[in-house]
Protein chains: 2
Amino acid sequence: MRIGELSRRTGVSVPTIKYYVREGLMPPGELTSPNQASYGEAHERRLRLIRALLDVGGMKVADIADVLAAIDDRERPLHKVLGAAADLLGGANTEQDDPEEVAARAAVTDLISRRGWQTYESSPAAADLSRALAAMARLGHGAFVEVLDDYADAAEEVARADLAYVDRQVAVEDMVEGVVIGTVLGEAVFSSLRRMAHVDASAKLYGTDGPRERKAK
Amino acid sequence: MRIGELSRRTGVSVPTIKYYVREGLMPPGELTSPNQASYGEAHERRLRLIRALLDVGGMKVADIADVLAAIDDRERPLHKVLGAAADLLGGANTEQDDPEEVAARAAVTDLISRRGWQTYESSPAAADLSRALAAMARLGHGAFVEVLDDYADAAEEVARADLAYVDRQVAVEDMVEGVVIGTVLGEAVFSSLRRMAHVDASAKLYGTDGPRERKAK
DNA sequence: GGATAGCGGATAGTGCTGCTATCCATTCAG
DNA sequence: CTGAATGGATAGCAGCACTATCCGCTATCC
């Protein structure tokens with residue numbers, strides 16, 4: 001398959017494919033002559049993965065390059081690949097030392113030990129959580145920590161479902177890629193579901209028109 | 001309070017505050033003389049909200065402007081504000097009609113009716129979900145729909161926790177803003193928790209070093 | 001065998017986003 | 001009275017994900 005057909009089959013323009021190759025997101029085609037290369041199914045699959053991580057997962061090209069490099073590195077142990085993926089999903093780490101930030105970090109440490117989670121307070125996910133909680137506290141929603149355990153219950157439920165899926169579904173050689181897909185796209189899936197459930201719960205609590213309109217008109 | 005103090009107290013630079021005002025994210029200060037304005041606590045609070053939605057929620061400035069306009073419009077009923085917020089959180093709607101996309105939409109319709117959710121197939125959240133499921137299917141993970149119900153259980157749990165929190169915590173006049181904060185920042189919170197739970201579940205299943213290393217060394 | 005479409009490779013440019021820099025005339029604080 | 005700060009406006013910048021253009025070559029079709 002040449003680049004034109006690869007482009008047609010994936011809906012990604014030829015210059016964009018070239019760009020991805022340049023950026024190290026996928027290997028170049030195999031040269032059959034000085035200016036002719038052939039691409040295989042692996043390229044097609046990789047391209048779809050890139051588009052999924054970009055469009056659905058909202059990742060940046062540079063971060064995708066890191067994750068894919070980790071996936072391609074067959075020496076790297078699974079948990080390191082996952083660590084690389086998980087670490088790149090979060091926001092930038094703008095370290096602050098507000099009182100809110102400190103309190104949030106303490107709450108996160110508490111949560112981790114209360115849950116008996118094998119995570120570290122210093123992990124990017126924990127840092128993101130602290131930042132989010134600190135932001136809520138600054139907005140007068142410090143009490144949100146009280147529902148953290150409900151959130152954590154749900155998070156554990158999702159994590160169990162993910163692991164079970166990966167465990168039974170994916171062949172071993174694809175496991176790394178499968179887990180990355182599950183981690184990144186699963187987030188998009190859950191996020192949509194949460195918004196849908198939110199609308200539903202709100203409708204059931206307040207009626208379709210919402211509380212503001214109950215005495216209106 | 002003048003703009004300099006507002007800047008110092010929030011850590012947002014003066015030109016950036018001016019920029020937010022220009023973009024309609026917050027009202028200008030009250031002019032006390034032709035080139036002197038005073039800002040109040042409402043401005044400070046608004047600025048913190050903007051930074052939270054930007055930095056933690058990952059929203060775009062233009063979308064934040066829309067949401068804040070909805071919040072400020074006291075005529076608008078709660079559910080419309082929430083709709084505006086929820087709709088702006090998703091990705092762009094790149095309509096396609098792959099077989100995968102069609103199948104994914106069918107799966108979503110199924111899910112909604114199975115759950116009895118008061119949502120519509122055409123809502124942005126449902127569209128996002130379809131896109132995510134279609135992307136998974138294209139990557140050979142069509143079987144992911146089998147865990148959708150586990151995800152939905154968790155999503156309902158989170159939505160219930162959110163609603164309960166808002167219901168007991170927030171004064172009525174702040175309810176709209178509170179729900180937006182909960183929706184947007186709650187997503188960041190859950191995302192962090194999911195990644196942490198993921199690491200924990202993985203560690204417990206495979207041991208700290210992951211499966212790849214069990215026979216290494 | 002000659003036109004033409006496509007190719008690999010490289011460089012420069014584009015549109016969008018979230019600011020940042022600079023300038024100006026005015027005004028407030030010490 | 002002087003120097004810092006202010007409101008208002010315009011222009012510029014850095015990062016990102018492409019996109020356009022050009023080059024010399026080659027596979028392909030008639």
Side-chain angles (χ1 to χ4, degrees), chain A residues 1-40 43 46-68 88-89 91-94, chain B residues 1-40 43-44 46-68 88-89 91-92 94:
Chain A
M1 187 194 332
R2 287 179 306 170
I3 204 173
E5 193 181 345
L6 183 62
S7 167
R8 242 168 288 121
R9 282 159 75 139
T10 57
V12 180
S13 78
V14 171
T16 300
I17 296 175
K18 289 180 177 181
Y19 164 68
Y20 290 157
V21 172
R22 273 202 309 281
E23 296 297 311
L25 273 67
M26 52 189 298
E30 199 184 339
L31 284 175
T32 60
S33 75
N35 66 339
Q36 213 71 190
S38 91
Y39 300 81
H43 288 98
R46 172 56 64 95
L47 215 34
R48 290 192 207 286
L49 176 56
I50 292 168
R51 297 311 307 208
L53 297 181
L54 256 182
D55 297 342
V56 182
M59 291 180 68
K60 295 198 279 186
V61 166
D63 292 346
I64 294 175
D66 290 348
V67 170
L68 293 180
L88 291 165
L89 288 173
N93 34 344
T94 37
Chain B
M1 182 192 340
R2 286 179 307 169
I3 203 173
E5 193 181 346
L6 183 62
S7 168
R8 241 167 289 119
R9 281 160 74 140
T10 57
V12 180
S13 77
V14 171
T16 299
I17 296 174
K18 289 180 176 182
Y19 164 68
Y20 291 156
V21 172
R22 271 203 309 282
E23 296 298 311
L25 274 69
M26 54 190 296
E30 199 184 340
L31 285 175
T32 59
S33 74
N35 66 338
Q36 213 70 188
S38 92
Y39 300 81
H43 288 97
E44 190 178 335
R46 173 55 64 94
L47 214 35
R48 289 191 208 287
L49 176 56
I50 292 168
R51 298 309 310 206
L53 297 181
L54 256 183
D55 297 341
V56 182
M59 292 179 69
K60 295 199 277 187
V61 167
D63 293 346
I64 294 176
D66 290 348
V67 171
L68 293 180
L88 291 164
L89 288 174
T94 37

With heavy-atom distances below 4.5 Å as the criterion, would you say the side chains of B:Leu47 and B:Tyr39 are in contact? no

Are A:Met1 and A:Arg9 side-chain neighbours, meaning at least one heavy-atom pair lies under 4.5 Å? yes

Using whole Å, report how far [atom1] of [X] lies from [atom2] of [N].
| X | N | atom1 | atom2 | result |
| --- | --- | --- | --- | --- |
| B:Glu5 | C:dA29 | CD | P | 13 Å |
| A:Ile3 | C:dA10 | CD1 | C1' | 14 Å |
| B:Lys60 | C:dG15 | NZ | C1' | 12 Å |
| A:Glu23 | C:dG9 | CD | P | 15 Å |
| A:Ile64 | D:dC16 | CD1 | P | 12 Å |
| B:Met26 | D:dG7 | CE | C1' | 14 Å |
| A:Ile50 | D:dC16 | CD1 | C1' | 16 Å |
| B:Asp63 | C:dT17 | CG | C1' | 12 Å |

Testing the basics here: between B:Leu54 and B:Met59, what is the closest heavy-atom pair and its distance to 0.1 Å? CD2-O, 3.3 Å

Which one is paired to D:dA20, where only Watson-Crick or G-U wobble pairs with both distances under 3.5 angstrom count? C:dT11

Nucleic acid footprint by protein, nucleotides 18-30 of chain D - heavy-atom cut-off 4.0 Å, B for base, S for sugar-phosphate alone: BB----BBSS---

Backbone N/O of B:Leu25 and side chain of B:Arg46: donor-acceptor pair under 3.5 Å: yes

Distance-only donor-acceptor check, side chains B:Tyr20 and B:Arg51, under 3.5 Å: yes

So B:Ile50 and B:Val12, side chain to side chain contact (heavy atoms under 4.5 Å, CB included) or not? Walk me through it. CA-CA 10 Å; B:Ile50 292 168; B:Val12 180; over 6 Å; no

